[in-house]
Amino acid sequence: MITFETARTVILGVAASDAHAVANQLIDRHLRAHGFTVMNLGVCTPLTEFADALDDEPGAEAVLIGSLNGHAYEDLHDLPTLRGRGRLRRPVILGGNLSLGAHKQSADLDRLHRLGVDHILQDVAALVPLLDMLRTARVPVAHGV
Amino acid sequence: MITFETARTVILGVAASDAHAVANQLIDRHLRAHGFTVMNLGVCTPLTEFADALDDEPGAEAVLIGSLNGHAYEDLHDLPTLRGRGRLRRPVILGGNLSLGAHKQSADLDRLHRLGVDHILQDVAALVPLLDMLRTARVPVAHGV
Amino acid sequence: MFEHAALEVSPAVAARLPGWRDVTAHLRSRPGGRVVDVLRSAERAGQPVVQPRCGVGGHREMLALLRALEPAGPAVLSVTIDSYTRLGQFAEAARVLAEAPERLNGYPLVAHGWQRGRELVAAVGTPLEVRHGSPDGRDLFATALAAGFTSFEGGGIGYNLPYCKNVPLADSLRAWRQIDAVCGVLAADGVIVDRELFGTLTAVLVPPSTSIAVTVLEAVSAAREGVRCLSIAYPQGGEIHQDVAALRAIRTLTARYLGAHVEVFPVLHQFMGAFPADPAWASGLILYGGLVARLGGAAKVVSKTDQEARGLPDATANRRGIRTATVGASSMFGFVELDESRVAEELSWIEREVAELVEPVLGAGDLAAAIEEGFRSGRLDIPFSASRHARSSIIPRRDAAGAIRYADSGGLPFSAAVRRRNAVLSDSGGALRTAGGDETGEMAAMVHDISYFSRRDAA
Amino acid sequence: MFEHAALEVSPAVAARLPGWRDVTAHLRSRPGGRVVDVLRSAERAGQPVVQPRCGVGGHREMLALLRALEPAGPAVLSVTIDSYTRLGQFAEAARVLAEAPERLNGYPLVAHGWQRGRELVAAVGTPLEVRHGSPDGRDLFATALAAGFTSFEGGGIGYNLPYCKNVPLADSLRAWRQIDAVCGVLAADGVIVDRELFGTLTAVLVPPSTSIAVTVLEAVSAAREGVRCLSIAYPQGGEIHQDVAALRAIRTLTARYLGAHVEVFPVLHQFMGAFPADPAWASGLILYGGLVARLGGAAKVVSKTDQEARGLPDATANRRGIRTATVGASSMFGFVELDESRVAEELSWIEREVAELVEPVLGAGDLAAAIEEGFRSGRLDIPFSASRHARSSIIPRRDAAGAIRYADSGGLPFSAAVRRRNAVLSDSGGALRTAGGDETGEMAAMVHDISYFSRRDAA
Ligand code: B12
Ligand code: B12
């Protein structure tokens, strides 16, 4: 296990209408194994709850949201409003099964980016490298504007 | 078993390039069970062989040709020529798998009709009724003109 | 205005519904046939019938979907409900329905209303079941009853712990007791509503005795409320001797704990964990599920599709799934015989484990309170709980043959013999695992076991 | 100009071919890998590899087809030859190729010429086999060798009786002896050409001992000519214990009659009779075939497609068939165990029946003459012969379990014990048959048995 000088914290959770728990729990373990402190909000977490958590833990590097049930867009619907109010100003990283149906279109992801999602990952293995990269290039308030 | 006053004869065979024997042998038995005399020329029978058989057996009511291997059109290619020479002037009844591929088009059958095939049957059960019908409506030299 | 003393429906929903007499009169007319009759005839035939999952947002689209699936020959069709409705967020469901119905992952029956529900029931000759995942299913149940559905899935444990974060078990158990009580009233009146219990739980590496313990507790609770027809679902785990034994255990254990006045139909959910993405492996797994259902004596098998790993299936894939499951459950594979002594061995251990889990709970005076206390203390538990109200301190693992064992049974009150067997068998699986990616130990083993079938993806 | 003393090639074809040294040098360079290596590694892995049938008229289309199928993971690919070329009507094949290549039911390799054959071999990394059905395969063989194919199907009986009307067995046996002799020369030189024997025969209700007797006779003949690598194909009949026993009998019987200097690879042809039209039943049957191949210890399984009943498959269906066969032959179905005592019982009877058929023939001085005389007298026979040179006086029938028996063994020199067992078992099937349409007795029974799988057509 790798340890870091400074504790690194992330906020993790599953989107508002989504109860899929397995990937969430595996990602939690994965990040802990890589030295992160994980504030895991679990399944069925509305955006406001992510925002509240970030208020409680302002040192968190990023907000990681999983969505499996096809409702990613609807569940992140209020991201622009929240960001407009100055909340959730941290990289939002989204992963899972991000639209309905077996035939995916790139428009599905474009739509999510337009809501303000900063990074979309297919693969959990890309998570830690992305977080490392973001820390290096950190411009905390640049996100969500 | 049904018996008839007059013996009824048909000529049966499988198209020139086609070796599929099973349906041919079942149809043979089927027709015999219905009182027909069957001149079965078997598999791989060129049209000229059918024509020769009809010359030998001028009382035959019809010429029944099976084609399973997808070569029906090619194997019956010379029907117009033979008919033009006054041969095979008897109803030609065709059955089997009459074109290549799993997706059949009605054009495949039209093309066979245009060669001079008189009747195309999907189902062996329709054979005896068709032969009965043809006998009732018999106009022997009308075919293939 | 829907009113029944046994069932508290939220006023807004109740106001839109017809009266109790209209509802029961309509049910009594059996508009779309009854699920219970289908299940009974499956039992008689000794061959499981097939039911797909299916639900889309729009009403017209839902009608079209049911009509598209019916020719594939399912004996029961589903109306699968969207996530918002499941969580009681009817307004959100209605908003998305108005804006973009194609973005709902199921049919929002409450938002559509019971009249449209009746249209669904009338649209096909096949009886319908509502499948959802609502910790509190009362509003949906009232709407479904009014619509004339004769089968309703769910239970106070199985529709809570996998499906939400923070609904106390006391609340969900109370909600489902009310639903069961209404079914009891109806049953006493000759109107049989099939109640299906979701033993699938969190679907991933669920040990059979965990699944069955939960459904036995729910079944006993339902039977006490007067329910007379129960479908008890178990999720295919992947090792056929264990799966067949589990399906058979549903019969032996419900006979033991319920008595003969309740009809019980074992149901197999085809593999509910991470599915292979490759359509050929997926179809193979679907066929395999049909096979397990028949060998285990299930009355029904709920089918998957070859698009499962990718997203909600289109109608074509769903039809294919129904047909493939039908073939798997058919006499074409009648030659498959299992090592019956191995099945019997699994069966007896499943029975024992379930007994050790449920008997302390059933012995208590207040069943609901005992269940709640069980999960609080960890003497009842499920893996990967979505809810905070279960500890998830059990660690499931596949053994060398692929069967699911308790590598750690957490706070479960297992006897030493049960623990020992599970420990030995769990260890046997270790040798087969190759570390996945940069993960090690525990985590790699878990990912490996979750990916048991989904690893099979190469051309 | 192709010349080898052992092989008489028609002058027109020989004139177009390169010389013997060029041909062997090219083969020795192993341009596309060797089929024998693939088969050996399948044997080592204990898992059958999959090969599709595939052939279209046009050259570009054939290249595209091979490239489209390769990603599905076959270990061997086929170049299936059109009916005109099979019958030696090269001019007719060339005419249709020029006019409308899409109307040919296979690839006319002779008309295309050996250079294009080399392009096929070079196009894919998977080795190729020529599959055809030519009573006299010499011209095709010479062209295939020049093209660099390392596997060539056919034999003097199996490529005569099912494939033409009136070629004397003496002629076909002589032609194939020449082909085998050339393979013998090559083998002595280290160039192994796999020779596959078509035990499938007329494909419909072929009793296992008939299939194996024919291939054993062909194998002995080939081995005497020096062939060192034989694939021996058996067509899935539909009853798994019988089919598994038949595949195992290929090993025991070739060990008995050939000796150890010939490598033998049992091959299963997935069900070769009337296929179900419904894609789900068809896929189930394809998966089933994969299963039989693995359990029977086949080195290779030749796959069908879910379009089999309808017509030549498109590439998509063919890919699906390869994948489905692969899944069926995989460890996903490793749990299937058979009643080994039943398999052993079938095996011993198959061995006995084959012995009773072949030993009188093998005992004769001139093998070819004895084979010819066998078929003339009816002491050798096949059902539904396309050729006049077999009597087809045996009547095959399914027993109650679906296994294929001799209801009438015609002139076959079976012992009383064999006859008795076949009679009893054949009768057992009678009760299961419901008369089809207006046919009665014999005919209805035959249609019923032929339609064993294709009856399964309803949604
Ligand atoms: C298990 C399962 C369930 C279980 C979940 C139990 C639980 N509480 O956890 C149950 C049975 C309860 C369930 C319910 C439902 N499910 Co579900 N479920 C699955 C299934 C079979 C496996 C999911 C799983 O656990 N996989 C194992 C984990 C480890 O992998 P994963 O979840 O795929 O996650 C990977 C990646 O997506 C990524 N990832 C995931 N999250 C994140 C987050 C971040 C930040 C990053 C970077 C990456 C990442 O990393 C993971 C590892 O590779 C999938 C289909 C499949 N894949 O086979 C369907 C599936 C996800 N479910 C689906 C649906 C729709 C539902 C339901 C809405 C019911 C319905 N209408 O069919 C309900 C959900 C109700 C609700 N309120 O959300 C759909 C989603 C449809 C779509 N997107 O088009 C799927 C795809 C099935 C399908 N084909 O229809 N489900
Ligand atoms: C058995 C079989 C063989 C056996 C035949 C043995 C023999 N000599 O009889 C073998 C293995 C040797 C064989 C070889 C070939 N076959 Co083949 N064969 C079949 C198979 C599996 C079953 C045929 C059968 O006997 N069915 C049982 C009988 C009772 O039914 P039937 O033949 O379908 O006939 C019914 C109807 O068509 C109709 N009917 C038939 N004839 C007639 C005649 C009349 C007058 C009437 C009214 C009705 C009628 O009545 C019958 C009863 O309902 C079919 C596919 C299938 N159906 O599953 C392929 C099939 C017919 N074969 C096919 C082909 C192409 C070939 C080959 C050319 C090889 C190749 N390229 O793939 C060679 C033929 C070589 C040649 N020279 O002809 C293709 C035809 C393709 C197409 N049309 O698109 C098929 C459809 C397979 C496929 N999907 O590719 N085959």
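Note on naming: letters A, B, ... go to the chains in the order of the sequence lines (proteins, then strands), and numbering restarts at 1 for each one.
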Colleague: Any chance the side chains of C/Asp82 and C/His132 put a donor and an acceptor closer than 3.5 Å?
Modeller: no
Colleague: Could you tell me which of A/Gly101, A/Cys44, A/Ala16 has the largest number of non-hydrogen atom pairs under 4.5 Å with chain C?
Modeller: A/Gly101
Colleague: Go through the atoms of C/Asn105 and report whether side chain, backbone, both or neither lie under 4.5 Å from a heavy atom of chain A.
Modeller: both
Colleague: Non-hydrogen atoms of chain C under 4.5 Å away: do they reach the side chain of A/His77, the backbone, both or neither?
Modeller: side chain
Colleague: A/Thr45 versus chain C, heavy atoms under 4.5 Å apart: side chain, backbone, both or neither?
Modeller: both
Colleague: Determine, using ring centers only, whether C/Phe453 and C/Phe271 are less than 6.0 Å apart.
Modeller: yes
Colleague: Can you tell me which portion of A/Asn97 sits under 4.5 Å from chain C's heavy atoms? Options are side chain, backbone, both or neither.
Modeller: side chain
Colleague: Between C/Gln307, C/Glu92, C/Arg95, C/Glu99, which shows the greatest number of heavy-atom pairs under 4.5 Å with chain A?
Modeller: C/Arg95
Colleague: Does C/Arg391 make a cation-pi contact with C/Phe375 (under 6.0 Å, within 45 degrees of the axis)?
Modeller: no
Colleague: Can you find a side-chain donor-acceptor pair between C/Glu61 and C/Tyr107 that sits under 3.5 Å?
Modeller: no
Colleague: Using the rule side chain to side chain contact (heavy atoms under 4.5 Å, CB included), only one of C/Val302, C/Ile81, C/Val79 pairs with C/Arg131; which is it?
Modeller: C/Val302
Colleague: Non-hydrogen atoms of chain A under 4.5 Å away: do they reach the side chain of C/Leu205, the backbone, both or neither?
Modeller: neither
Colleague: Checking C/Glu308 against chain A: side chain, backbone, both or neither under 4.5 Å from a heavy atom?
Modeller: neither
Colleague: At a 4.5 Å cut-off on heavy atoms, which part of C/Arg86 comes close to chain A: side chain, backbone, both, or neither?
Modeller: neither
Colleague: Pick one of side chain, backbone, both or neither for A/Leu68, based on which atoms fall under 4.5 Å of a heavy atom in chain C.
Modeller: neither
Colleague: Could you tell me if the side chain of A/Ile93 sits less than 4.5 Å from the side chain of A/Leu134, heavy atoms only?
Modeller: yes
Colleague: Identify which part of A/Asn24 has an atom lying under 4.5 Å from any heavy atom of chain C, answering side chain, backbone, both or neither.
Modeller: neither
Colleague: With a 4.5 angstrom heavy-atom cut-off, is it the side chain or the backbone of A/Glu74 that approaches chain C, or both, or neither?
Modeller: both
Colleague: Is C/Ser385 close to chain A through its backbone or its side chain, or both, or neither, when contacts mean heavy atoms under 4.5 Å?
Modeller: backbone
Colleague: Do C/Ser393 and C/Asp381 get their side chains close enough for a donor-acceptor pair, meaning under 3.5 Å?
Modeller: yes
Colleague: Less than 6.0 Å separating the ring centroids of C/His269 and C/Phe198?
Modeller: yes
Colleague: Please check if the side chain of C/Asn160 supplies one atom and the backbone of C/Ile157 the other of a donor-acceptor pair under 3.5 Å.
Modeller: no
Colleague: For chain A, which of C/Arg388, C/Arg103, C/Arg310 has the most heavy-atom pairs under 4.5 Å?
Modeller: C/Arg103
Colleague: For chain C, which of A/Leu100, A/Leu26, A/Asp18 has the most heavy-atom pairs under 4.5 Å?
Modeller: A/Leu100
Colleague: Check the side chains of C/Tyr406 and C/Thr210 for a donor-acceptor pair under 3.5 angstrom, ignoring hydrogens and angles.
Modeller: yes
